[in-house]
Each structure stands twice: as C-alpha cells, then as structure tokens.
Amino acid sequence: MMISIVIPVYNGAESLEELYDRIKEVMGKKGLDFEIIMVDDFSRDESYKMMCRLREKDKRVKLIRLAFNSGQHNATLCGMRYCSGDYVITMDDDLQHPPEEIVKLIDKIEEGYDIVFGIAEDKKHSFYRNLGNRLIDKSLNVIYDKPPDLKVSSFRIIRKGLAELLSNCKRKEIYLAGLIFENTSNTACIKVKHDARKYGRSNYSIKKAARLALNLVFNHSDLPLKITVFIWLVFFTVLSIASVLLFVAPMKYFFDKLAFIILWFLTLLNLLSFLVTARYIKGLRREMLNDKPPYEIKELQL
C-alpha cells in the first residue's frame, strides 16, 4: 500500500521538520510506503527553505511552490494532482492534526469507504473559528442533505479513484468538502485527537470564514436562488390575501400603513434579489471570462 500525504503550507516553517519526523516514524511503524507532497501557498516566512532542506534529506518529500496565495483548498487540490498513492491523506501544517492519528484513518477507510474525515474530539481552536466551522457544517447539511452526525475536516483520507476525480476539477473557486459531497456519499468520520497550536498563530480569520461560507453556498449550490424565489412566493401570497381583504373588510383606515409596508418589503426583496443575482454573475464571470488560473506553480520538485 502506498500513501500520499498532501500538506498545504502557509507560514509553517517552525513546524515542518517535526511534522516530517513524526510522519516518517508513524509510517515506518506501520510498514507503509509513503510520499509527502508539500505545497507552499506563497508563504511569507522561511517555509520553502525548510521544505527544501527536508527534500535534501528525503526524496519522498515532493515540493510545489505556488506563485501567489491561492488558499488552502486550491493548494490542497494542486497537491492531489501530483499524488501516486493508493490513498491520499490531507492534513494541516501546524501539528494540530497529530500524525499518529493517521493510522486510525487508514484502518477506517479499509472498511470500504471513499473518504474518511478525522474529527477532533476536543478542538483546540478559537471561539470564532469553531463558530465558523459549525456554520459551514450546517450549510453542508442543508445543501447536500448530509447526515448531521457526519462531520467534515481538512484531516481526511481519500481513496485514489475519488482523489483523481476531485483533482480533475477545473473550477476556479472551490470548497473541497462541497466538491467531495458532489462526487460521493460513501463517507465516514472518526474521532481523532486535536492538539493545541505549538508554533506561531493561526492564519484563520472571520473574513476567511465568511469567504469560505459564501464560496460554499454560491459556488456549490443554488440555495440562495431557491430562498429568494420562496420569499417572493410568500410575499405574493400575503399581498394577494391583503388585496382581497381590502375589498371585503372595512380596512380603508389601514390602507396607507399597509401600502407603506408593502413598498418597504418590495424594496427589500428587490435589493435581496439583486445581491443574490449579482453574486452568481460574479461567480460566472470569474469561471468563464477570467483567464487567471486558481493557482500558478512557480517551482516543482518531484
């Protein structure tokens, strides 16, 4: 069995050597062949220099250096395109996903699943990051009819066939969990340990969480359009009932107030419709008219 481990790297210079040492030890104990694909997502620190030093020690460490910051999801997908393993494991570079838990993922996926997510028993994240994760999880439940007890994580193992299918995606804006649920329902999750951040500080922010949530909702579903149409239908029904009542009941006293309320709701609904439509048009423009790729490889060492 060959295992490919994809690690998107952003300002992770301090943790990379320890991460490599622990992966190597775990895979050695398990007696598995492995490769590590590290993708430098335009780091501002010495990450790529550290990656090169690891590459000099061990040619199983493969390096990809991106020309501009593309985000964790695109960087992960980029790394997956250069995997040769029977299974692909994705994990963060900050050691919060303990390499020792990889064994649990391997054992679980051998039960026949396409993908297995490693879910933290006790997340060592900030409050706003946990809040953002819960919001995205609820969105996945609605959009893909995901079972509430099935959680997602960037710590996961993917069967080769699914990994190849995902890596062929040509979209410029992706949310990897959404892409996964579009291609398989044969999924599972298991509890794993989650360590506190050992080096540096998280690059996660409320702004990034909001961008990911919008990406998921608008680029992987038509849910906003359905909600907008539903609101219009409800408003039309209420307006029709109110119009009938104006003629059959003594409501002339309330006519001016009712007209003002109707005008206010119409303005609000028009604004909502415009914003939703504009967001979809923006996404279509980016996908169809923008020639800029989701990422650009500056350097490759395979």
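For this chain, numbers begin at 1 and follow the sequence in order.
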Check this for me, if you would: do [X] and [Y] make a salt bridge, where the nitrogen-to-carboxylate-oxygen distance has to be below 4.0 angstrom?
{"X": "Lys29", "Y": "Glu100", "value": "no"}
{"X": "Glu25", "Y": "Arg22", "value": "no"}
{"X": "Lys30", "Y": "Asp107", "value": "yes"}
{"X": "Glu101", "Y": "Lys104", "value": "yes"}

Checklist line | Heavy atoms from other residues, nucleotides or ligands near NZ of Lys57 exceed 12 (cutoff 6.0 Å) | finding: yes
Notebook entry, point to check: Nearest heavy-atom pair of Asp149 and Cys189: which atoms, and what distance?
Noted result: O-SG, 3.7 Å
Notebook entry, point to check: Looking at Asn168, Ile37, Val39, Val6, which one forms a side chain to side chain contact (heavy atoms under 4.5 Å, CB included) with Met80?
Noted result: Val6
Notebook entry, point to check: Out of curiosity, does Phe42 fall in the hydrophobic cluster containing Met50 (side-chain heavy atoms, cut-off under 4.5 Å, transitive links)?
Noted result: no
Margin query: Please check: side-chain N/O of Asp58 versus main-chain N/O of Leu54, any donor-acceptor pairing under 3.5 Å?
Written below: no
Check: Within 45° of the six-membered ring axis of Phe117 and under 6.0 Å from that ring's centre, is NZ or CZ of Arg156 located there?
Finding: no
Note to self: My understanding is that only one of Asp41, Asp92, Thr90 makes a side chain to side chain donor-acceptor pair (under 3.5 Å) with Gln72; could you say which?
What the structure shows: Asp92
Item checked: Value rounded to 0.5 Å, distance of CD1 in Ile180 from OG in Ser185 -> 13.0 Å
